[in-house]
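Just below is one structure, and these are the notes that go with it.
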Amino acid sequence: MFIVITGLDGSGTTSLAEKLHEMDKGSILLRTPSLEYCRELIDKSVRETSPLAHYYFYLSSVIYMSDYIKKNCDYKNKNVYCVKYLIDTVVSHQEAGLDVKLDYETDGILKPDLTVFVQLDEQIRQERITKRGKSVFDKLLDDDKTRNNIYDRFKNLLDENTVYFDNIEKDINKNAKALYEKITKFNM
């Protein structure tokens, strides 16, 4: 099953995905943009000058990952976890003012079998991202209105193949186990 794990930065998407991958022997763990894409320079120098170019960079990374999964991963028989994907690219660029749609078919992008939307109390999320250092996008999400718009955009795009997960337990192993049980039930 192809599973996308998404949520605001600092909500625990990467940590949960790593633990799920650890627990789920034979699974594959990926992320967009992948290491082939150097996003730091694009986020710093391109985003403000040309939001459309910034969008195409991220869209390109999603198309690359989609093709990679189709060619290299047995996602019909094993779980493939991907942190961030097309929905993240669309949501963030809609918030930047672009009229972009969540469309898997136009570019032949592999549609997830399941999307996990990780939620976390804002105060705890802020503590986490402050501790690790805030990215350009993290600083944009400090604004309550922007952050709420992002949440609303996600909720408008998430479909019936979504598991909402509250990442409230401090023990990441307990959280990953609880999430894995939800994923397993969804897959039945």
Side-chain angles (χ1 to χ4, degrees), residues 3-23 29-34 37 39-40 42-44 46-48 51 54-55 57-59 61-62 65 81-102 112 114-183 185-186:
I3 304 162
V4 169
I5 301 175
T6 188
L8 295 183
D9 287 355
S11 60
T13 55
T14 301
S15 298
L16 281 170
E18 289 170 350
K19 286 294 178 184
L20 287 169
H21 173 59
E22 225 175 79
M23 293 169 47
L29 176 60
L30 304 166
R31 178 181 182 85
T32 63
S34 60
Y37 286 78
R39 70 182 254 199
E40 287 78 21
I42 296 295
D43 286 346
K44 287 180 183 173
V46 174
R47 185 181 59 82
E48 287 187 33
H54 189 262
Y55 169 70
F57 168 83
Y58 277 87
L59 181 60
S61 77
V62 170
M65 188 56 64
Y81 300 101
C82 185
V83 179
K84 308 287 185 191
Y85 197 60
L86 182 60
I87 192 168
D88 302 271
T89 297
V90 170
V91 163
S92 63
H93 289 89
Q94 283 178 345
E95 187 61 25
L98 296 180
D99 183 23
V100 294
K101 307 282 185 254
L102 183 64
L114 175 68
T115 300
V116 174
F117 186 76
V118 180
Q119 304 172 111
L120 183 64
D121 175 78
E122 182 57 21
Q123 183 177 345
I124 297 170
R125 193 185 75 78
Q126 281 292 335
E127 289 170 8
R128 287 181 181 178
I129 59 176
T130 300
K131 186 177 181 180
R132 75 158 192 235
K134 291 187 179 185
S135 69
V136 172
F137 194 61
D138 290 333
K139 291 174 185 172
L140 292 173
L141 293 177
D142 284 345
D143 178 68
D144 290 339
K145 183 179 179 193
T146 301
R147 188 176 55 258
N148 289 332
N149 285 345
I150 294 282
Y151 271 125
D152 289 343
R153 290 180 192 285
F154 267 114
K155 288 179 182 171
N156 287 334
L157 293 174
L158 293 166
D159 61 18
E160 67 278 356
N161 293 333
T162 301
V163 167
Y164 292 88
F165 184 74
D166 291 317
N167 193 14
I168 56 173
E169 180 68 47
K170 288 190 180 205
D171 183 341
I172 188 69
N173 293 313
K174 285 182 183 178
N175 279 339
K177 185 178 178 188
L179 179 53
Y180 187 69
E181 287 174 9
K182 285 184 175 223
I183 291 169
K185 286 178 186 173
F186 180 87

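Index from 1, following the sequence. Note that these values count all heavy atoms, side chains included, but never hydrogens, waters or copies made by symmetry.
With sequence neighbours excluded, the residues that form a salt bridge (Lys or Arg N to Asp or Glu O under 4.0 Å) with Glu22 are Lys19. Here Arg125 pairs with Glu122 under the side-chain hydrogen bond (donor to acceptor under 3.5 Å, both in side chains) rule; sequence neighbours left out. Not counting sequence neighbours, Asp171 has no partner by the salt bridge (Lys or Arg N to Asp or Glu O under 4.0 Å) test. Legend: residues meeting side-chain hydrogen bond (donor to acceptor under 3.5 Å, both in side chains) with Thr130, ordered by chain and number and at least two apart, are absent. Scored by the ring pair (Phe, Tyr, Trp, His ring centres under 6.0 Å) test, Tyr85 finds Phe2 as partners (sequence neighbours excluded). For the side-chain hydrogen bond (donor to acceptor under 3.5 Å, both in side chains) test, residues two or more places apart in sequence or in another chain that qualify with Asp99 are Lys101. By the side-chain hydrogen bond (donor to acceptor under 3.5 Å, both in side chains) test, Asp121 is found to be paired with no residue, residues two or more places apart in sequence or in another chain being considered. For Arg128, there are no salt bridge (Lys or Arg N to Asp or Glu O under 4.0 Å) partners, not counting sequence neighbours. Considering only residues two or more places apart in sequence or on other chains, Lys131 meets the salt bridge (Lys or Arg N to Asp or Glu O under 4.0 Å) condition with none of them. With sequence neighbours left out, Tyr55 forms a ring pair (Phe, Tyr, Trp, His ring centres under 6.0 Å) with His93. Applying the side-chain contact (heavy atoms from CB on, under 4.5 Å) criterion to Ser92, with sequence neighbours excluded, gives Phe137.
Between Tyr37 and Phe57, the ring planes lie perpendicular to each other; the angle is over 60°, past the 30° to 60° tilted range.
Judged as a salt bridge (Lys or Arg N to Asp or Glu O under 4.0 Å), the pairs with a partner in residues 4-13 (not counting sequence neighbours) are, in order, Asp9-Lys84.
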